[in-house]
Amino acid sequence: MSTLELKSVSKSFGSVPVVRDVNLAVKDREFVVLVGPSGCGKSTLLRMIAGLEEITEGEVLIDGEVVNDVSADARGLAMVFQSYALYPHMTVADNMGFALKLAGVDKATRAAKVLEAAKILQLEHLLERRPKELSGGQRQRVAIGRAIVRNPKIFLFDEPLSNLDAALRVQMRIELARLHRSLDATMIYVTHDQIEAMTMADRIVVMRDGIVEQAGAPLELYERPVNTFVAGFIGSPKMNLIGATVQAIEGNRALLAMPGGSRLSVEAEMPLSVGRKVTVGIRPEALHFVDEGEFAGAINVIERLGSETLCYVDIGADDLVTVEVAHDAEVAINDRRLLGVDNNRLHLFDDKGLALVRR
């Protein structure tokens, strides 16, 4: 397979920038996921890699060679789109082998490549069917098979699972992860679903407003977010972000005035001043109902999810605080409970949203 490098890549539509100064190196056989909210520029960036979108500034390199002026069909990449884009009058086999036919590959070689891809995707028994006779998941596998037969340098995926129902998305996530291992391929995958990113990626690239906010391994982003955006975007349920004010400084610790009149002592890795506004970040699993705790609040909503229970607690902050408890925890709406904090998993962000404590 191949490597990819983006050097100061930018894209503007007229005077409107949509991708800004992106630098990224994708290693050989790496599975990289671009994730972010709608409109963050991730699909546009993928299309620039594919050669389907013109680059305003910067360079795209494949295997060390600049490909800015190389056409999409000559870059040796294969792209799987959100829509399956299958020809309805063709069989599965014909759909998968159509690009090879256009390239002048002989019939026997085409058939062998299609069969090989079909075995990888467990489609051998469907080769003579037409798209209307397939489920959504089967159609998506055909679209992936169409990419596999081309033996591309890099696979590009643009939100390929967004049209599937929840159960099929889970199944296809597993299949794509397994496919990556079996093909030993370089893959770049775009999604707005952070669960897809966390479960499949070797490395996640979080984007917002055309900028890369943070790139790293899934657990690195989960445990050491660089700012409140990444902290709130990565993780399900998301991290609790609670506004606070520095009330006193004691050595390298700060005493914070929290909503509802409570106080919290935290370690700060940079100087803080009394009166400064900060944001406290706490994952739901780092909060616990206790007999003596840091906060107090009333349970407003309870979600029992089978293996766990989520309680949404009003402590007087702008948003309800999410607490993850055991699936059989004895809790009830309007219960007023004390909350304890696992201080080893507490995050602190400054008034600009940048991390102060990164464990």
Arg173 side, atom CZ; Glu196 side, atom CD - distance, nearest 0.5 Å: 6.0 Å
Over 12 non-hydrogen atoms of neighbours within 6.0 angstrom of CD in Glu303: yes
Side-chain donor/acceptor of Asp184 to backbone N/O of Arg181, under 3.5 Å: no
Evaluation steps, side-chain contact (heavy atoms from CB on, under 4.5 Å), between Leu320 and Val313: CA-CA 5 Å; Leu320 297 177; Val313 182; over 6 Å; no
Residues Glu285, Arg345: salt bridge by 4.0 Å N-O rule: yes
Contact check, side chains of Met207 and Val205, non-hydrogen atoms, under 4.5 Å: yes
Heavy-atom neighbours of Asp106 CG exceed 12 at 6.0 Å: yes
Gln140 side-chain N/O to Pro160 backbone N/O, donor-acceptor pair under 3.5 Å: yes
Heavy-atom closest pair, residues Gly235 and Tyr222: CA-CE1, 3.8 Å
Set of residues satisfying ring-ring contact (aromatic ring centres under 6.0 Å, His included) with respect to Tyr312, sequence neighbours excluded: none
Ile49 and its side chain to side chain contact (heavy atoms under 4.5 Å, CB included) partner, picked from Leu24, Ile62, Leu4: Leu4
Exercise: identify the closest heavy-atom pair between Leu287 and Val323: O-CG1, 3.6 Å
Heavy-atom side-chain proximity of Thr279 to Asp350 below 4.5 angstrom: no
Student check: side-chain heavy atoms of Val280 and Met258 closer than 4.5 Å: yes
Name the atoms and distances for all side-chain donor-acceptor pairs under 3.5 Å in residues 236-246, with sequence neighbours left out.
unit_1 : atom_1 : unit_2 : atom_2 : d
Asn240 : OD1    : Thr322 : N      : 2.7
Asn240 : ND2    : Ile282 : O      : 3.1
Asn240 : ND2    : Thr322 : O      : 2.8
Thr245 : OG1    : Lys277 : NZ     : 3.1

Side-chain donor/acceptor pairs under 3.5 Å, residues 13-21, sequence neighbours excluded:
unit_1 : atom_1 : unit_2 : atom_2 : d
Arg20  : NE     : Asp209 : O      : 3.2
Arg20  : NH2    : Asp209 : O      : 2.8
Asp21  : OD1    : Ser8   : OG     : 3.2

Inter-residue atom distance Ile120.CD1 - Arg178.CZ, 0.5 Å rounding: 11.5 Å
Of all pairs that satisfy ring pair (Phe, Tyr, Trp, His ring centres under 6.0 Å), the ones with a partner from residues 233-263, not counting sequence neighbours: Phe229-Phe233
Listed once per pair and sorted, the salt bridge (Lys or Arg N to Asp or Glu O under 4.0 Å) pairs that draw on residues 36-60, sequence neighbours left out: Lys11-Glu53, Arg47-Glu53
Full working for side chain to side chain donor-acceptor pair (under 3.5 Å) between Arg253 and Ser265: CA-CA 7 Å; Arg253 301 193 69 82; Ser265 178; 3.1 Å; yes
Joint cluster assignment, Leu264 & Val274, ILVMFWY side-chain distance < 4.5 Å: yes
Residue pair Glu159 / Thr191, side-chain donor-acceptor N/O under 3.5 Å: no
Gly137 to Leu168 - nearest heavy-atom pair and separation: N-CD1, 3.7 Å
Heavy-atom pair of closest approach, residues Ala50 and Leu156: CB-CD1, 3.5 Å
Salt bridge (Lys or Arg N to Asp or Glu O under 4.0 Å) contacts touching residues 122-145 (sequence neighbours left out): Arg141-Glu175
Cluster overlap Leu354 with Val226, hydrophobic side-chain contacts below 4.5 Å: no
Validation row: Pro131, Asn95 side chains within 4.5 angstrom (heavy atoms): yes
Asn300 backbone acceptor or donor facing Asn334 side chain under 3.5 Å: no
Results of ring-ring contact (aromatic ring centres under 6.0 Å, His included) for Phe157 - residues two or more places apart only: Tyr189
Atom pair CG/CG of Leu46 and Asp158 - distance to nearest 0.5 Å: 5.5 Å
Sequence-distant partners of Ser307, side-chain contact (heavy atoms from CB on, under 4.5 Å), two or more places apart: none
Any Val142 side-chain heavy atom under 4.5 Å of Met96 side chain: yes
Side-chain heavy-atom pair Leu45, Leu6 within 4.5 angstrom cut-off: yes
Gap between atom CG of Asp63 and atom OG1 of Thr186 - 0.5 Å precision: 8.5 Å
Cluster overlap Phe295 with Ile302, hydrophobic side-chain contacts below 4.5 Å: yes
Ring pair (Phe, Tyr, Trp, His ring centres under 6.0 Å) pairs, two or more places apart, involving residues 97-127: Tyr87-Phe98
Side chains of Leu52 and Met79 in contact at under 4.5 Å (non-hydrogen atoms): yes
All ring-ring contact (aromatic ring centres under 6.0 Å, His included) counterparts of Phe81, not counting sequence neighbours: none
Transitive ILVMFWY side-chain link Val32 to Ile195, under 4.5 Å: no
Side-chain donor/acceptor of Asp335 to backbone N/O of Arg337, under 3.5 Å: no
Separation of Leu121 CG from Glu116 CD (nearest 0.5 Å): 10.5 Å
Residues that Arg150 engages under salt bridge (charged side-chain N to carboxylate O under 4.0 Å, His left out), provided they are two or more places apart: none
Val290 to Gly293 - nearest heavy-atom pair and separation: CG2-CA, 3.6 Å
Leu134 versus Leu126, closest heavy-atom pair with distance: CD2-CD1, 4.1 Å
Side chains of Asp28 and Thr3, donor plus acceptor under 3.5 Å: no
Main-chain N/O of Arg276 paired to Ser273 side chain as donor or acceptor, under 3.5 Å: no
CG/Asp351: more than 12 non-hydrogen atoms of other groups inside 6.0 Å: yes
Co-membership, hydrophobic cluster, residues Ile204 and Ile211, 4.5 Å side-chain: no
Side chain proximity check, Arg304 to Val331, heavy atoms < 4.5 angstrom: yes
Rounded distance (nearest 0.5 Å) linking atom CD1 of Ile234 with atom CZ of Arg224: 13.5 Å
Neighbour count >12 (heavy atoms, 6.0 Å) for atom CG, Asp69: no
Set of residues satisfying ring-ring contact (aromatic ring centres under 6.0 Å, His included) with respect to His180, sequence neighbours excluded: Phe31
